Amino acid sequence: MSADPSPTTPAAPVRERVGPQIGPQVCPVGPVVDIVFSRWTTPILWSLHEHGRQRFVELERGIAGITPKVLTQRLRQLERDGLVVRTYYPEVPPRAEYEISALGRSLGPLFATLAKWSTDNLNKVDQARTDFDSAGGVTRRPKAGRDT
């Protein structure tokens, strides 16, 4: 997948940013992965989905390791993509709050499915990695016709 464009650089339309070719078919999941599953986008969407409307500093405190610059970039891109809504309050001092949009909330079942998969299968992934590493990085399969 390509790197995320900066929020100030016009990006190609989503239909042009498709995933890898699979034979004559185009992977339909590629654009979704580009939009939703970048390094910081998923934790931002998850936080807004789980905790509701938040100010910038609340998001920053709740997402370990994210820098203010990256949070600003990701929030702008999510707002541009229609997944996050920013509400600005012209007070003194001014404030802004972020919340997940209806389009962003529509990703809830996807996140729920991925969370369940994680709970059900990450231990199997860890075991597969352990088995692979202990075999010296080679997957061992029984030869055809032999019982093992």
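None of the values given here were measured: they were computed from a predicted structure. Quick note: residue numbers are just sequence positions, from 1.
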Chemist: Taking the side chain as every heavy atom from C-beta outward, state whether Phe111 and Val36 have any pair of such atoms under 4.5 Å apart.
Modeler: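 Side-chain contact under 4.5 Å: yes.
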Chemist: Hydrogens and angles aside, do Gln127 and Asn123 bring a side-chain donor and acceptor to less than 3.5 Å of each other?
Modeler: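 Distance-only check fails for Gln127 and Asn123.
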Chemist: Is a donor on one side and an acceptor on the other found under 3.5 Å between the side chain of Arg105 and the backbone of Ile100?
Modeler: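 At least one qualifying donor-acceptor pair exists.
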Chemist: Please check if Trp40 and Val33 belong to a single hydrophobic cluster, counting links between Ile, Leu, Val, Met, Phe, Trp and Tyr side chain heavy atoms closer than 4.5 Å.
Modeler: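 Trp40 and Val33: one cluster.
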Chemist: Out of curiosity, Arg80 CZ to Leu78 CG, how far, rounded to the nearest 0.5 Å?
Modeler: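 One finds 11.5 Å between CZ of Arg80 and CG of Leu78.
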Chemist: Indicate yes or no for a side-chain donor-acceptor contact from Thr72 to the backbone of Pro68 under 3.5 Å, with no hydrogens or angles considered.
Modeler: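 It does hold such a pair.
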Chemist: When you measure from the side chain of Thr87 to the backbone of Tyr98, do you find a donor-acceptor pair of N or O atoms at a distance under 3.5 Å?
Modeler: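 Pair absent, no side-chain N/O of Thr87 close to backbone of Tyr98.
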Chemist: Is any side-chain heavy atom of Ile44 less than 4.5 Å from a side-chain heavy atom of Ile66?
Modeler: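 With C-beta onward as the side chain, the pair touches.
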Chemist: Atom CH2 in Trp117, atom CG in Asp120: separation rounded to 0.5 Å?
Modeler: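 Those atoms lie 9.5 Å apart.
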Chemist: Let's go through Leu45 and Val84 carefully: what are the C-alpha distance in whole Å and the side-chain angles of both, what is the deciding distance for side chain to side chain contact (heavy atoms under 4.5 Å, CB included) to 0.1 Å, and is it a yes or a no?
Modeler: CA-CA 8 Å; Leu45 289 172; Val84 167; 4.1 Å; yes
Chemist: Determine the minimum heavy-atom distance between Pro31 and Cys27, stating which atoms define it.
Modeler: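 Scanning both residues, the minimum pair turns out to be CD-O, 3.9 Å.
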Chemist: Taking side chain as C-beta onward, heavy atoms only, is Trp46 less than 4.5 Å from Thr41?
Modeler: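 A side-chain contact under 4.5 Å is absent here.
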Chemist: Check whether any side-chain heavy atom of Pro94 sits under 4.5 Å from a side-chain heavy atom of Tyr88, and report yes or no.
Modeler: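 Touching, per the 4.5 Å side-chain cut-off.
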Chemist: State plainly whether the residues Arg129 and Asp133 are in salt-bridge range, i.e. N to O under 4.0 Å.
Modeler: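 No salt bridge links Arg129 with Asp133.
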Chemist: Check for a donor-acceptor pair, side chain of Ser101 on one end and backbone N or O of Gly82 on the other, with a separation under 3.5 Å.
Modeler: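 Between the backbone of Gly82 and the side chain of Ser101 there is a qualifying donor-acceptor contact (under 3.5 Å).
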Chemist: Do any N or O atoms from the side chain of Thr119 and from the backbone of Ala115 form a donor-acceptor pair under 3.5 angstrom?
Modeler: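 Checked: pair present.
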Chemist: Can a side-chain donor-acceptor contact be found between Ser47 and Gln54 if the only test is distance below 3.5 angstrom?
Modeler: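 The answer is yes; a qualifying pair exists.
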Chemist: With a sphere of 6.0 Å drawn around CZ of Arg61, does it hold more than 12 non-hydrogen atoms of other residues, nucleotides or ligands?
Modeler: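 Open: at most 12 neighbouring heavy atoms sit under 6.0 Å from CZ of Arg61.
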Chemist: Between Leu107 and Leu83, is any pair of side-chain heavy atoms under 4.5 Å apart?
Modeler: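 Yes, side chains in contact.
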Chemist: Is any side-chain N of the basic residue among Glu97 and Arg55 closer than 4.0 Å to the acidic one's carboxylate O?
Modeler: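 No salt bridge links Glu97 with Arg55.
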Chemist: State, to 0.1 Å, how close Ser38 and Arg74 come at their nearest heavy-atom pair, and which atoms those are.
Modeler: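 Residues Ser38 and Arg74, closest heavy atoms: OG-NH1, 3.9 Å.
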Chemist: Tell me whether Leu75 is reachable from Val57 by hopping between hydrophobic residues (I, L, V, M, F, W, Y) whose side-chain heavy atoms are closer than 4.5 Å.
Modeler: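 Unlinked, Val57 and Leu75 end up in two clusters.
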Chemist: Find out if a path of hydrophobic residues (ILVMFWY) with successive side-chain heavy-atom gaps under 4.5 Å connects Val85 to Ile35.
Modeler: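 Result: no, two separate clusters.
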